[in-house]
Amino acid sequence: MIHLKTKEEIELLRENNQLVSLTLAEVGKHIRPGVTTRELDAVAEEFIRSHGAVPGFLGYNGFPASLCISVNEGVVHGIPSDYVLKQGDIVSVDCGTFMKGFYGDSAYTFAVGEIPADVRQLLEVTKEALYKGVAQAKAGNRIGDISAAVQSTAEAGGFSVVRELVGHGLGRKMHEEPEVPNYGSKGRGPVLKEGMVLCIEPMINMGGRQVVFERDGWTVRTRDRKPSAHYEFAVAVGKEGADVLTDFGVIENAINN
């Protein structure tokens, strides 16, 4: 069942997703060579709790940390560890909050110092695919319109789309219906209605689209061990278009200044 949100509920979701954005900005300030992913996780947990929320991921289905941190060939759901970031890495950070009965959820892929031009292109195209998908999140369209926009943008850039993992609805639960695949055909899938809140999250690989699920029960990586990028927005579907609840501006201001 797809739950349509009231204006008041959307504002509570906005509050959560703004906090996620601020948390990602704070984490971004600490991303540099020599820092461990476990240290980044501690920064996020302290920041979230200091703002009156709890980490949405910690303990979720047994997940042991506040952030999912996936480095280089990691696609999603990486567990923070003693891995030390090095120059040229890319780091996908997925963050969730829970506050006032609702969840926030978004992700951003950070560069550690200078990265190769082809990897920079992967990040830029993945972000572009997100924006193209979000542009389709308006009442009267279908889920497939979002999916097709993401897929066509990624593949036009020469990259491949992960199919085993999808976006989702967001509300009182972290993962609600409907699923939002990053591949598909225009005009297919559930009709988008005003009040739906979706997490649109392209997971795009430099090499093949095949992934491996590691034995830790969480980590997903590319089979060919080539880099993967991941960006995620929470959006409310509106009559005229998407109301983006996530704020990448605060993240990019933090890492560029």
Side-chain angles (χ1 to χ4, degrees), residues 10-32 40 43-44 47-48 51 53 55-57 66-71 74-76 78 89-97 99 102-113 115 119-138 146 149-150 153-154 157 159 161-162 165 167-168 170 174 180 182 197-204 227-238 240-257:
I10 289 171
E11 290 312 308
L12 291 169
L13 284 159
R14 189 189 313 279
E15 199 176 332
N16 270 280
N17 285 288
Q18 292 290 312
L19 178 55
V20 171
S21 301
L22 290 168
T23 305
L24 289 170
E26 186 66 23
V27 170
K29 294 176 190 174
H30 291 78
I31 290 178
R32 58 183 176 271
L40 298 178
V43 167
F47 190 86
I48 291 167
H51 285 76
F57 294 172
S66 297
L67 297 176
C68 297
I69 304 182
S70 306
V71 181
V75 179
V76 285
D89 283 344
I90 59 170
V91 190
S92 164
V93 182
D94 196 347
C95 178
T97 60
M99 177 171 58
F102 288 87
Y103 280 93
D105 182 14
S106 69
Y108 195 93
T109 300
F110 297 88
V112 183
I115 60 175
V119 181
R120 174 68 64 187
Q121 180 74 359
L122 170 67
L123 268 55
E124 290 174 356
V125 170
T126 304
K127 195 189 294 182
E128 182 187 359
L130 169 63
Y131 291 136
K132 291 289 179 64
V134 167
Q136 298 299 317
K138 54 188 174 185
I146 298 173
V150 171
T153 304
F159 302 115
V161 179
V162 173
L165 301 140
H168 52 90
L170 182 73
M174 176 76 72
V180 187
N182 293 307
V197 175
L198 308 173
C199 285
I200 301 171
E201 50 177 320
M203 291 157 265
I204 308 299
S228 183
H230 176 214
Y231 291 91
E232 178 180 11
F233 268 170
V235 303
V237 175
E240 306 302 322
D243 177 5
V244 179
L245 308 180
T246 306
D247 184 358
F248 276 4
V250 297
I251 301 169
E252 288 161 3
N253 284 339
I255 60 177
N256 292 328
N257 294 326

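Throughout, residue positions are numbered sequentially from 1 according to the sequence presented. Keep in mind that the numbers below use all heavy atoms, side chains included, and drop hydrogens, waters and symmetry copies. These figures come from a predicted structure and were not determined experimentally.
- Side-chain contact between Leu198 and Ile146 is present, with heavy atoms from C-beta onward closer than 4.5 Å.
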Run Lys127 and Glu124 through salt bridge (Lys or Arg N to Asp or Glu O under 4.0 Å) and show every step you take. CA-CA 5 Å; Lys127 195 189 294 182; Glu124 290 174 356; over 6 Å; no

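- Heavy atoms only, all atoms of each residue included: Met174 and Gly56 are closest at CE-O, 3.6 Å.
- Taking CD from Gln18 and OG1 from Thr23, the interatomic distance works out to 11.0 Å, rounded to the nearest 0.5 Å.
- Taken to the nearest 0.5 Å, the CG atom of Leu122 stands 5.5 Å off from the CD1 atom of Ile90.
- No side-chain donor-acceptor contact under 3.5 Å links Glu232 to the backbone of Pro202.
- Looking at Thr246, its side chain does come within 3.5 Å of a backbone N or O of Ala234 through a donor-acceptor pair.
- Side-chain contact between Val197 and Phe102 is absent, with no heavy atoms from C-beta onward closer than 4.5 Å.
- Listed by chain and number, the residues in a salt bridge (charged side-chain N to carboxylate O under 4.0 Å, His left out) with Glu11 are Arg14 (sequence neighbours excluded).
- For the atom pair CD of Glu26 and OG of Ser21, the computed distance is 13.5 Å after rounding to the nearest 0.5 Å.
- The two atoms that bring Arg120 and Ala111 nearest to each other are NH2-CB, 3.8 Å, heavy atoms only.
- In this structure a side-chain-to-backbone donor-acceptor pair under 3.5 Å is present from Ser70 to Gly78.
- Proximity of Ile204 to Val125: side-chain heavy atoms (C-beta onward) are nowhere separated by under 4.5 Å.
- The closest side-chain heavy-atom distance from Thr153 to Tyr131 is not below 4.5 Å.
- Rounded to the nearest 0.5 Å, atoms NE2 (His168) and CD1 (Ile200) are 10.5 Å apart.
- With sequence neighbours left out, the salt bridge (charged side-chain N to carboxylate O under 4.0 Å, His left out) criterion links Asp247 to no other residue.
- The ring-ring contact (aromatic ring centres under 6.0 Å, His included) test applied to His51 returns Phe47, not counting sequence neighbours.
- Nearest heavy atoms, Ala107 versus His230: CB-CE1, 3.5 Å.
- When side chains are defined from C-beta on, Ile31 does not count as touching Ile255, because their heavy atoms never get closer than 4.5 Å.
- In this structure, OH in Tyr108 is found 11.5 Å from OG in Ser92, a value given to the nearest 0.5 Å.
- A search for ring-ring contact (aromatic ring centres under 6.0 Å, His included) contacts involving Phe159 returns nothing, not counting sequence neighbours.
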In sequence, state the C-alpha distance, the side-chain angles, and the governing distance for Leu245 and Ile10, and then conclude on side chain to side chain contact (heavy atoms under 4.5 Å, CB included). CA-CA 9 Å; Leu245 308 180; Ile10 289 171; 4.2 Å; yes

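- Thr109 is listed as a side-chain neighbour of Tyr231, based on a closest heavy-atom distance under 4.5 Å.
- In terms of the salt bridge (charged side-chain N to carboxylate O under 4.0 Å, His left out) criterion, residue partners of Lys132 (sequence neighbours excluded) are, by chain and number, Glu128.
- When the options Leu130, Asp105, Asn17 are evaluated for a side-chain contact (heavy atoms from CB on, under 4.5 Å) with Phe233, the one that passes is Leu130.
- Between Ile115 and Leu123 the shortest side-chain heavy-atom distance falls below 4.5 Å.
- Proximity of Ile48 to Cys95: side-chain heavy atoms (C-beta onward) are separated by under 4.5 Å at one or more points.
- Between Gly104 and Val20, the closest heavy-atom pair is C-CG2, 3.7 Å.
- Take Tyr103 and apply the ring-ring contact (aromatic ring centres under 6.0 Å, His included) test, not counting sequence neighbours, and it matches Phe98.
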Dump the intermediate steps for side chain to side chain contact (heavy atoms under 4.5 Å, CB included) on Asn182 and Val162, then the final yes or no. CA-CA 7 Å; Asn182 293 307; Val162 173; over 6 Å; no

